[in-house]
Structures are given as structure tokens and as C-alpha cells.
Amino acid sequence: VQLQASGGGLAQAGGSLTLSCTASGCTFSDHALGWFRQAPGKEREFVAAIRWGGGDTYYADSVKGRFTISRDNAKNTVYLQMNSLKPEDTAVYYCAAGLADTLVVVTSYDSWGQGTLVTVSS
């Protein structure tokens with residue numbers, strides 16, 4: 001599985017950004033795709049995930065109501081729409097694919113894209 005993430009950049013607090021993750025290399029019907037982030041000096045943390053087959057979504061409490069994860073089956077692409085951004089959202093964001101039932105931990109994912117940097121200024 002290959003994952004290509006894009007869409008990071010600089011935003012002001014309260015602003016919006018949309019990240020994209022395009023996947024290739026297998027049939028994703030049994031997979032979940034997740035977004036994680038890692039701020040300097042901190043561990044990688046779960047942000048959001050979506051089950052490719054059923055479309056069920058999951059969010060970290062810190063982003064619930066502000067971020068939306070979605071998928072485009074035809075494009076094999078998962079999006080993370082980030083609204084009402086806060087300076088604490090600043091991090092490198094990674095997309096990942098996995099088959100495990102538990103979607104909120106790093107170890108559930110076995111394929112990772114390169115990170116994309118999101119910087120939110122106050």
C-alpha cells in the first residue's frame with residue numbers, strides 16, 4: 001500500500017485547511033484509513049479515521065466538531081477537512097492504512113504516508 005499525503009500549509013487561528021491522502025496498491029474495502037499528527041517533542045497521536053467499506057468515522061476528542069474525515073471511492077482518496085484551527089493543531093500530519101479493528105492507536109496501521117506539515121499561527 002502506498003499513501004501520498006498533501007495539503008498542509010500555514011493557516012491562521014480560526015482558519016481552515018484540507019488534507020488529502022491518495023492510496024494505491026490494493027483493494028481498500030477492508031481497510032481503515034486514519035490521520036495522525038505529531039507535534040515537536042510529542043508522541044504521534046490519533047486524529048481521525050474512516051472505515052473504507054462502511055464509512056464509519058472516528059475522531060479524537062480534541063478535534064471532534066472541528067475536523068471532518070471523508071473519502072472518495074473513485075479517487076481512492078481520504079480527506080481531512082480542518083476548520084476552526086487552533087495553534088495547538090500545529091503538527092506534522094500523517095495518513096495511514098490498516099486492517100485492525102482498533103483505529104485509534106499507531107500500532108493498528110501498517111502503511112504510512114509521508115507527513116505534511118500544518119502550521120497554525122495565533
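Heavy-atom basis, side chains included; hydrogens, waters and symmetry copies ignored.
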Between [X] and [Y], what is the shortest heavy-atom contact and its length?
X   : Y    : value
V1  : H31  : CG2-NE2, 4.4 Å
G8  : L19  : N-CD2, 3.5 Å
L17 : G9   : CD1-O, 3.8 Å
Q81 : S16  : NE2-CB, 3.9 Å
A13 : S122 : CB-CA, 4.2 Å
L33 : A97  : CG-CB, 4.2 Å

Inter- and intrachain pairs under salt bridge (charged side-chain N to carboxylate O under 4.0 Å, His left out), touching [range], at least two apart:
range            : value
residues 112-122 : none
residues 74-96   : R37-D89, R66-D89
residues 2-25    : none
residues 106-120 : none

Can you pull out every ring pair (Phe, Tyr, Trp, His ring centres under 6.0 Å) where at least one residue sits in residues 42-71? Sequence neighbours excluded, please.
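For residues 42-71: F28-W52, F36-F46.
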Side-chain heavy-atom pair I50, V78 within 4.5 angstrom cut-off
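Sidechains of V78 and I50: in contact.
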Y93 side chain near V47 side chain, heavy-atom distance below 4.5 Å:
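Contact flag for Y93/V47 side chains = yes.
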Please check if the side chain of [X] supplies one atom and the backbone of [Y] the other of a donor-acceptor pair under 3.5 Å.
X    : Y    : result
T90  : V120 : yes
Y109 : L103 : yes
T116 : A5   : no

Verdict with supporting geometry, C21 and W35, side chain to side chain contact (heavy atoms under 4.5 Å, CB included)
CA-CA 9 Å; C21 177; W35 286 98; 3.5 Å; yes
If you round to the nearest 0.5 Å, how far is [atom2] of [Y] from [atom1] of [X]?
X    : Y   : atom1 : atom2 : value
D72  : T22 : CG    : OG1   : 9.0 Å
T68  : M82 : OG1   : CE    : 11.0 Å
S111 : Q2  : OG    : CD    : 8.0 Å
E45  : S62 : CD    : OG    : 5.5 Å

Cation-pi between R44 and Y94: NZ/CZ under 6.0 Å from ring centre and within 45° of the ring axis?
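Satisfied, under 6.0 Å and within 45°.
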What's the verdict on side chain to side chain contact (heavy atoms under 4.5 Å, CB included) for L80 and T18, showing C-alpha distance, side-chain angles and the deciding distance?
CA-CA 6 Å; L80 185 68; T18 301; over 6 Å; no
Test of understanding: with salt bridge (charged side-chain N to carboxylate O under 4.0 Å, His left out), list the residues that count as partners of D101, not counting sequence neighbours.
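Partners of D101 by the salt bridge (charged side-chain N to carboxylate O under 4.0 Å, His left out) criterion come out as none, since no residue qualifies.
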Spell out, yes or no, whether L117 and Y79 are grouped together once hydrophobic residues are joined by side-chain heavy atoms under 4.5 Å, including indirect joins.
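No, L117 and Y79 fall in different hydrophobic clusters.
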